[in-house]
Asker: 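Have a look at this one before I ask anything.
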Amino acid sequence: MKKVKILQAGDLHFDTPFKDLNKNIALISKEELLEVFSKIISMCIENSVDILLLTGDIFDNLTVNKKTLVFIKSQLERISNIKVFISPGNHDPYYEKSFYKMIEWPSNVHIFKSSVESVVLQDLETVVWGAGFNTHHVKKSMLKNISINEKYINIMVIHGDISNSDEGNDYNPITLRDIEDSRLDYIAIGHRHNYSGILRQKDTCYAYAGCPQGRGFDELGDKGIIVGEVSKGTVDLKFIRTSKRNYYVVDVDISNSVSYEEIKERVINSISEEERKNNLYKVILKGEIESYINLNEDVVFEKIKDYFYFVKVIDNTDVKLDFDKISKDYSIKGVYARKLLDKMEEDDYDDEVIKLALKIGIQCLSHEEVNLNDYK
């Protein structure tokens, strides 16, 4: 059976600002994203890939460094024997002044510029289908009117968001019915930043590879590409991690801690040194602590920052309350706490809001410094 070997990648978002990070780490992350793309190109060579499918959002916004454009071109020139197909996405639509027009693309690169079209690769007995965004929003599915070549392998590269209806979102709302009706052997889709697994709708397989490198704490865990073989009616594809560093959100219970040193030890001991030194973490402090501690996120950060490549600290702890003691306390603090606790018994109040009010109020009544910016 004839097979074609593909590598699928997308949503690189070159020169993204990395808003979650400080300036120095953001600059390093931009360079590491280039390293990841170079790694992807090397993987094409190492895996003897026939076709590289880039599923859009190669560029992130209206600001891209010229160095980045030169770099992309130079990397694609390394694989001149491999066919490259690009489907522009909602972040990098193809139009007269887009970045796609600023590169003299190598001859092995084909960019799908608008509605569905196909390219026949006679030597591979394969037809590659694709479409591209022309604007930042495409409100109707572009995956329509596919007439496959029954004798050839039929593959598609497209950027879009799977939807329950043809007009379900602003990002090329592809429906499962569209996928089924296409009768394509495989559809490489971009837009979502998590690996979807290799999915199937009747005779057509499809997948999101996700992004190859996370860009913030909304893109957690391993990121990568899809590589493998597609043949008539079947696929043999797998996900491979390409992310140099991962983003993680970790909850750390610091209940009953009585010092910042103890809090530091709990955080450090919850994550291995290798992971701390190579990845980016958001540490969320949880549990119940005494009201007099007046926990300060900045102090915790200063205590732990040298143990991490990058770390953010979020305080989500609750004030430890002795209800018997509060009921017998006739101070202003006791009266305040009892009134709020009574509110928690009422259906009209949000318990989380009440707990936050308790935390801030008791700190204030204990004559401790409170920074309201910490609670935005």
Asker: Can you check whether Ile226's main-chain N or O pairs, donor with acceptor, with Gln8's side chain at less than 3.5 Å?
Answerer: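 No, because the side chain of Gln8 does not come within donor-acceptor range (under 3.5 Å) of the backbone of Ile226.
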Asker: Would Lys3 and Asp236 pass as an ion pair if we require N to O under 4.0 Å?
Answerer: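 Salt bridge flag = no for Asp236 with Lys3.
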Asker: For Val49, does its backbone N or O pair with a side-chain atom of Asn47 as donor and acceptor, under 3.5 Å?
Answerer: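 Checked: no pair found.
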Asker: Give me the atom names and distance for the closest heavy-atom approach of Asn169 to Ser163.
Answerer: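 Between these two residues, the closest heavy atoms are ND2-CB, 3.5 Å.
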Asker: Indicate yes or no for a side-chain donor-acceptor contact from Asn279 to the backbone of Asn246 under 3.5 Å, with no hydrogens or angles considered.
Answerer: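 Yes.
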Asker: Does the pair Lys30/Asp15 count as a salt bridge with the N-to-O cut at 4.0 Å?
Answerer: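 No, this pair does not count.
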Asker: Take Lys303 and Glu265 through the test salt bridge (Lys or Arg N to Asp or Glu O under 4.0 Å) and record every step on the way to the result.
Answerer: CA-CA 10 Å; Lys303 282 280 187 181; Glu265 291 301 319; over 6 Å; no
Asker: Salt-bridged, Lys39 to Glu32, with N to O below 4.0 Å?
Answerer: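 No.
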Asker: With distance as the sole criterion, is a donor-acceptor pair present between the side chains of Arg215 and Ser29 under 3.5 Å?
Answerer: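 Ser29 and Arg215 do not have a side-chain donor-acceptor pair below 3.5 Å.
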Asker: Mark yes when over 12 heavy atoms from residues, nucleotides or ligands other than Lys144 sit less than 6.0 Å from its NZ; otherwise mark no.
Answerer: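 Buried by this count: over 12 neighbours within 6.0 Å.
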Asker: Can you see which heavy atom on Lys113 is nearest to which on Glu117, and at what distance?
Answerer: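 Looking at all heavy atoms of both residues, the closest pair is N-OE2, 3.9 Å.
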Asker: Donor-acceptor pair, Gln213 side chain versus Arg245 backbone, under 3.5 Å?
Answerer: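 Here the side-chain-to-backbone pair exists.
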Asker: Looking at His159 and Ser87, what are the two nearest heavy atoms and their distance?
Answerer: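 Nearest heavy atoms, His159 then Ser87: N-OG, 3.3 Å.
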Asker: For Asp123, does the CG atom sit with more than 12 other heavy atoms under 6.0 Å from it, leaving out its own atoms?
Answerer: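 Result for CG/Asp123: enclosed.
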Asker: Looking at Tyr94, is its backbone amide N or carbonyl O close enough to the side chain of Asn134 to form a donor-acceptor pair, meaning the two atoms are under 3.5 Å apart?
Answerer: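 Flag set: sc Asn134 to bb Tyr94 pair under 3.5 Å.
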Asker: Closer than 3.5 angstrom, by distance alone: can the side chain of Arg276 be matched with the main-chain N or O of Val311 as a donor-acceptor pair?
Answerer: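 No: the side chain of Arg276 does not pair with the backbone of Val311.
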Asker: Under the side chain to side chain contact (heavy atoms under 4.5 Å, CB included) test against Ile111, which residue among Ile58, Val84, Ile86, Ile103 passes?
Answerer: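 Result: among Ile58, Val84, Ile86, Ile103, Ile86 is the only option passing the side chain to side chain contact (heavy atoms under 4.5 Å, CB included) with Ile111.
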Asker: Do you know the tightest heavy-atom contact between Val116 and Met142?
Answerer: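 Of all heavy-atom pairs spanning Val116 and Met142, the closest is CG2-O, 2.9 Å.
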Asker: Using modelled atom types and a 3.5 Å cut-off, is there a donor and acceptor pairing between side-chain atoms of Asp57 and backbone atoms of Asn90?
Answerer: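 It does hold such a pair.
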Asker: Between Glu125 and Lys151, does a salt bridge (Lys or Arg N to Asp or Glu O under 4.0 Å) hold up when you go through it step by step?
Answerer: CA-CA 8 Å; Glu125 297 181 22; Lys151 295 181 180 179; over 6 Å; no
Asker: Could you tell me whether Glu31 and Lys244 have a side-chain N and a carboxylate O separated by less than 4.0 Å?
Answerer: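 Salt bridge absent between Glu31 and Lys244.
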Asker: For the residue pair Tyr171 and His137, is the inter-centroid distance of their aromatic rings smaller than 6.0 Å?
Answerer: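 Close enough - the centres of the two rings lie under 6.0 Å apart.
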Asker: For the ring pair Phe14 and Phe71, is the centre-to-centre distance below 6.0 Å?
Answerer: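 Phe14 vs Phe71: aromatic centres not under 6.0 Å.
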Asker: Asn108 and Leu76: which non-hydrogen atoms are nearest, and at how many Å?
Answerer: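 Nearest heavy atoms, Asn108 then Leu76: ND2-O, 3.7 Å.
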Asker: According to a hydrophobic-cluster definition based on side-chain heavy atoms being under 4.5 Å apart (Ile, Leu, Val, Met, Phe, Trp, Tyr only), do Ile6 and Leu52 belong together?
Answerer: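 No, it is not one cluster - the side chains of Ile6 and Leu52 are not joined through contacts under 4.5 Å.
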Asker: Any Lys/Arg nitrogen of Glu262 or Arg266 sitting under 4.0 Å from an Asp/Glu carboxylate oxygen of the other?
Answerer: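 Result for this pair is yes, salt bridge flagged.
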Asker: Salt bridge (Lys or Arg N to Asp or Glu O under 4.0 Å) with Arg192: which of Asp161, Asp218, Asp11?
Answerer: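 Among Asp161, Asp218, Asp11, the one that satisfies the salt bridge (Lys or Arg N to Asp or Glu O under 4.0 Å) with Arg192 is Asp161.
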Asker: Work out which heavy atom in Lys223 is nearest to a heavy atom in Gly214; give both atom names and the distance.
Answerer: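 Nearest heavy atoms, Lys223 then Gly214: CG-N, 3.6 Å.
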Asker: As a quick check of understanding, evaluate salt bridge (Lys or Arg N to Asp or Glu O under 4.0 Å) for Lys83 and Asp50, giving each step before the final call.
Answerer: CA-CA 6 Å; Lys83 301 294 184 182; Asp50 299 305; over 6 Å; no
Asker: Is there a path from Ile25 to Leu27 through hydrophobic residues (I, L, V, M, F, W, Y) whose side chains come within less than 4.5 Å of each other?
Answerer: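 Per the 4.5 Å side-chain linkage, Ile25 and Leu27 are not co-clustered.
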